[in-house]
Novice: 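Just passing along the structure, written as structure tokens.
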Amino acid sequence: MSAPTDTASGRREPGELFGPRFELFADVLALGLVTAVACLPLVTVPAALATACTLLRRRQRYAEPCTAGHYVRALCARRWRADLAAGGLLLAFGVLFAADTALAAAGLPGAVPFALFLAAVGTVLAVIALRACAQEQAAGHWRAALRAAALCSARDLPGSLLVLLALATAAVCAWVLPPLLFLVPGPLAVALTAVERRTDG
């Protein structure tokens, strides 16, 4: 008679239908869907993504489940004044960036160098903003989270490239299959959390 298999090793016990890897896959799908719904007001995007990263971090550390119910409770417990301020700032930058992009596309003198500069600045800001969502300080302390993310982005260039690759992959998936837009926040949060956790000592 064989001994039960340890589920922590990633293998199934006798009679168990799904292993821990499938459980993580299901959690990520559910997390992606509920995060996408939470992002719909747009001003809630930082809080929604930061909550997803927090749940994934706690799952890795303490084996806590990443269910939709846990997500909603964690989201409701956030410091919403700081979160809405961060979301408003993000929207303001988005509107400014869109206006500058429209000016660059209008064919004005110096449009090409300006467009390249705009693309570089936008890329850097996107990486810093995404890495800020994965910081533990993002639980209502966005200034500290942004400072930490800026330092991490400069010191950990491979991690910043991984974040950029994850963002590009999510964008391509959503562009090719628009319904995936409601699932990509989950894998994106996994990527952000993994990038930050890989440097933990």
Side-chain angles (χ1 to χ4, degrees), residues 7-8 10-12 17-75 78 83 86-87 90 94 122-139 142 145-146 148-149 152-153 156-200:
T7 56
R11 293 175 293 178
R12 296 192 298 271
L17 184 59
F18 299 119
R21 291 179 182 175
F22 186 88
E23 185 179 312
L24 175 61
F25 174 72
D27 282 351
V28 169
L29 290 183
L31 198 62
L33 185 59
V34 72
T35 303
V37 172
C39 287
L40 288 178
L42 297 183
V43 74
T44 58
V45 168
L49 194 55
T51 302
C53 292
T54 297
L55 261 65
L56 288 166
R57 187 166 54 244
R58 293 188 66 84
R59 188 188 197 282
Q60 196 274 336
R61 287 179 177 173
Y62 312 117
E64 293 184 1
C66 288
T67 61
H70 280 79
Y71 180 91
V72 171
R73 285 192 290 273
L75 189 65
R78 292 186 61 86
D83 289 334
L90 179 66
T123 299
V124 171
L125 291 179
V127 169
I128 292 175
L130 286 172
R131 296 196 75 161
C133 290
Q135 303 295 320
E136 296 194 40
Q137 299 95 320
W142 284 103
L146 285 170
C152 289
S153 298
D156 180 27
L157 291 180
S160 296
L161 290 176
L162 288 173
V163 169
L164 190 59
L165 179 61
L167 177 61
T169 302
V172 169
C173 289
W175 177 67
V176 173
L177 290 173
L180 288 182
L181 183 62
F182 289 96
L183 295 178
V184 294
L188 181 59
V190 169
L192 296 176
T193 307
V195 166
E196 301 305 324
R197 291 289 294 162
R198 81 189 216 288
T199 58
D200 287 358

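Small disclaimer: the values here were computed from a predicted structure and weren't measured. For reference, positions follow the sequence shown, starting with 1.
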Novice: Work out which heavy atom in P185 is nearest to a heavy atom in L181; give both atom names and the distance.
Specialist: CD-O, 3.4 Å
Novice: Before accepting this row, confirm whether a basic side-chain N of the pair E64/R73 lies closer than 4.0 Å to the acidic partner's carboxylate O.
Specialist: no
Novice: Holding to side-chain hydrogen bond (donor to acceptor under 3.5 Å, both in side chains), I want the full list of residues that pass it with S160, two or more places apart in sequence or in another chain.
Specialist: R131
Novice: Do you know which two heavy atoms are closest between L146 and A132, and how far apart they sit?
Specialist: CD2-CB, 3.7 Å
Novice: Under the side-chain hydrogen bond (donor to acceptor under 3.5 Å, both in side chains) test, which residues partner T169, sequence neighbours left out?
Specialist: none
Novice: Might you point out which heavy atoms bring Q135 and A148 nearest each other, and give the distance in Å?
Specialist: OE1-CB, 3.7 Å
Novice: Do D156 and R198 have side chains that approach each other closer than 4.5 Å (heavy atoms only, starting at C-beta)?
Specialist: yes
Novice: Enter the distance from F182:CZ to L29:CG here, rounded to the nearest 0.5 Å.
Specialist: 15.0 Å
Novice: Quick one, C53 and E196 - any side-chain contact, counting heavy atoms below 4.5 Å?
Specialist: no
Novice: I'd like to check the side-chain contact (heavy atoms from CB on, under 4.5 Å) partners of Q60; sequence neighbours left out, ordered by chain and number.
Specialist: R197
Novice: Locate the shortest heavy-atom distance separating V28 from P187; write the atom from each residue and the value.
Specialist: CG1-N, 3.7 Å
Novice: Mind listing the side-chain donor-acceptor pairs of residues 33-52 below 3.5 Å, one per line with the distance, residues two or more places apart or on another chain?
Specialist:
from: T35; atom 1: OG1; to: L31; atom 2: O; distance (Å): 2.6
from: T44; atom 1: OG1; to: A38; atom 2: O; distance (Å): 2.4
from: T51; atom 1: OG1; to: A47; atom 2: O; distance (Å): 2.7

Novice: Does L55 offer a backbone N or O that forms a donor-acceptor pair with the side chain of R58 under 3.5 Å?
Specialist: no
Novice: Ignoring hydrogens, what is the shortest heavy-atom contact between I128 and S153? Give both atom names and the distance.
Specialist: CG1-OG, 3.7 Å
Novice: Checking A166 now: which residues fulfil side-chain contact (heavy atoms from CB on, under 4.5 Å) with it, not counting sequence neighbours?
Specialist: L188, A191
Novice: Once side-chain hydrogen bond (donor to acceptor under 3.5 Å, both in side chains) is applied, do any residues pair with Q137, and if so which ones, sequence neighbours excluded?
Specialist: none
Novice: At what distance, to the nearest 0.5 angstrom, does CG of L162 lie from CG of L192?
Specialist: 10.5 Å
